[in-house]
Structures are given as structure tokens and as C-alpha cells.
Amino acid sequence: MHRLHTICEMLVENNRKYNLTAIVEPEAVVDKHIVDSLLPLGILADKGILTGELRSADGGMLRLIDIGAGAGFPSLPFAAVMPSDSTRILAVDSTAKKVRHIAETAQAAGIGHIASEAGRAEELALGRLRESFGIATARAVADLRILVELTAPFVAVGGYVAALKGSRVEEELAGAEKIAMVLGLGEPEVVEYTLPCGDGRALVLYKKMGKTPEGYPRAYGKIKGSKK
Ligand code: SAH
């Protein structure tokens, strides 16, 4: 609770200099940022994804990457509640000031198992971070068709892409179908849930079945432009 409280305080404080979020009213921060981040984590836990084969495949360690983390959602609340000795979280965002906010918040909250890195996902995924995570999350970053290409290349075979989405995902799912397969992802599973404030949400879960072929992710213009 102390860690989550510090995340909220730092968000409101740093928002004055960094302009991080439009949501600053305390109840809304808790509901739309904290609870909205933690409910999907509960779904992953219920499915055994946080404790099962992903950990055993990696010497007991669960490695999670959050793409387009912004002010640190869902990665900061995840880190706040996940065990520090067996979880490693990396928050990635293309905007340096947001990455700085995440680092400052982690330090203020005493969360040592989250790191943050500035960069574009489609570029970072070509380097040392490729296929080295059990889970890649993303909330409010892009349409699924684009999002799968920004996340899947970071995930090791057997791991998961977990996209935090609003309630209507059918159209996005259809649009992402072909490219998801190309990237090595299996059939998506959609878990719908409702926030305490009444808003509907969907967690879209893809399991990574095979390696992402060389050449992916493509340059952002190509990802965005393609209808594949
Ligand atoms: N996940 C956060 C922020 C959402 S806003 C939340 O839910 O509150 C989307 C964020 O994605 C922005 O901070 C933007 O800088 C980042 N972003 C967009 N495209 C990106 C890319 N290709 N690589 C890395 N970050 C990206």
C-alpha cells in the first residue's frame, strides 16, 4: 500500500513539471491508473501465468517488459505488488521525461526490481532485449495490429503478449489476425472485466508459439502503413 501510495503521489507531483496524465483527481488516479493496472495482473495470476512454466523456464525469474509505459502503467503498480527477488520489470517509452519519471518514482517508492529505458520499441526489439521476456504488456499504446508488432518480438517462445484494452476489441482483433500469426503468436484469448467505476475492459492474451522472423519488427512507418 505504501508503494502504491507513493506511485500516486509522485504522479501528481511530477505531472506539474512533466505533463504526464490528464487524470489527477485522487479517486480517479486510483481507479483509472492503479486498479486498471492491477486487475489484469490478477487475471494473469489466476491463469497461473505468473507462477507456472514461464518462471521455471527462466530459473524461477519472471521477466516482464512494459511497452509504451508512459508514466509507468501498468508496470509501476505491477512492480509494487510483485516479489522483488523473483521478478524483473523493464518499462520502455520513447519519451525520455516519462522514463525519468518512472525511475524517480521507483526510487521514491523503494521498488528496486523495475528498470526503465528510453527508446522506440521497434528499434529496441532488434537488439539484446529481443525474445528475452516472459510477458510483454502494453496499455493505451496503439491499435492491436500495430501493438502486436511492438510487443511480440520481445517475448520468448512460450511467453505472452498481454494487451490492456477497452471493451470493444473485435475489430482490432480481426485487423491484427494475420500479422499476429506472422510474428509467431497463437490464437488470442480475450478476458473481459469491469473496473469498480463501471468501465468495461478487455485483456487480450496471445501466447508466443514460434520465433518472430528476422525483419520484424519493421520500421514504424511500415508497421503503421501495412494492412497485413
Ligand atoms: N501505458 C501508459 C501510457 C499510454 S500513452 C498508460 O496506459 O498510462 C502511450 C505511450 O506510448 C506514450 O508515452 C508514448 O511515448 C509511447 N509510445 C508510443 N509508441 C511507442 C513506440 N513505438 N515505442 C516506445 N514507446 C512508444
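This one's a predicted model, so the numbers in the text were calculated from it and none came from an experiment. Order of appearance sets the numbers: ligands from 1, and atoms from 1 within every ligand.
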Point to revise | Contact (N/O only, under 3.5 Å) between Phe73 and ligand 1 | key: yes
Counting each atom of ligand 1 from 1 as listed, which ones have a heavy atom of [X] under 4.0 Å away?
{"X": "Arg139", "value": "1 (N), 2 (C), 4 (C), 6 (C), 7 (O), 8 (O)"}
{"X": "Lys98", "value": "12 (C), 13 (O)"}
{"X": "Thr95", "value": "15 (O)"}

Check your understanding: Does Glu177 CD have over 12 foreign heavy atoms under 6.0 Å away?
Key -> no
Practice item. Check the surroundings of atom NZ in Lys211: do more than 12 heavy atoms from other residues, nucleotides or ligands lie under 6.0 Å from it? Key: no
Check your understanding: Does the Arg63 side chain pair with the main chain of Phe133, one donor and one acceptor, at a distance under 3.5 Å?
Key -> no
Review point. Any sub-3.5 Å donor-acceptor pair from Thr212's side-chain atoms to Leu183's backbone N or O?
Key: yes
Quick test: of every protein heavy atom, which one is nearest to [atom], and how far off is it to 0.1 Å?
{"atom": "atom 18 (C) of ligand 1", "answer": "Val141 CG1, 4.1 Å"}
{"atom": "atom 23 (N) of ligand 1", "answer": "Ala121 N, 2.9 Å"}
{"atom": "atom 26 (C) of ligand 1", "answer": "Ser94 OG, 3.4 Å"}
{"atom": "atom 5 (S) of ligand 1", "answer": "Ala140 O, 3.5 Å"}
{"atom": "atom 3 (C) of ligand 1", "answer": "Gly68 O, 3.4 Å"}
{"atom": "atom 12 (C) of ligand 1", "answer": "Asp93 OD2, 3.5 Å"}

**Study point:** Verdict with reasoning, Leu90 to Leu64, per side-chain contact (heavy atoms from CB on, under 4.5 Å)
**Key:** CA-CA 6 Å; Leu90 180 62; Leu64 186 148; over 6 Å; no
Exercise for review: Establish, for the pair Arg120 and Tyr220, whether the NZ or CZ atom is under 6.0 angstrom from the six-membered ring centre and no further than 45 degrees off its axis.
Suggested key: yes
Practice item. Report the part of Ala69 (side chain from C-beta onward, or backbone N, CA, C, O) that has a heavy atom under 4.0 Å from ligand 1; answer both or neither where that applies. Key: backbone
Check your understanding: Any heavy atom of Gly119 sitting closer than 4.0 Å to ligand 1?
Key -> yes
Review point. Hey, which of Glu171, Glu170, Glu192, Glu172 is the one that makes salt bridge (charged side-chain N to carboxylate O under 4.0 Å, His left out) with Lys165?
Key: Glu172
Review point. Is the closest basic N to carboxylate O distance between Lys208 and Glu131 below 4.0 Å?
Key: yes
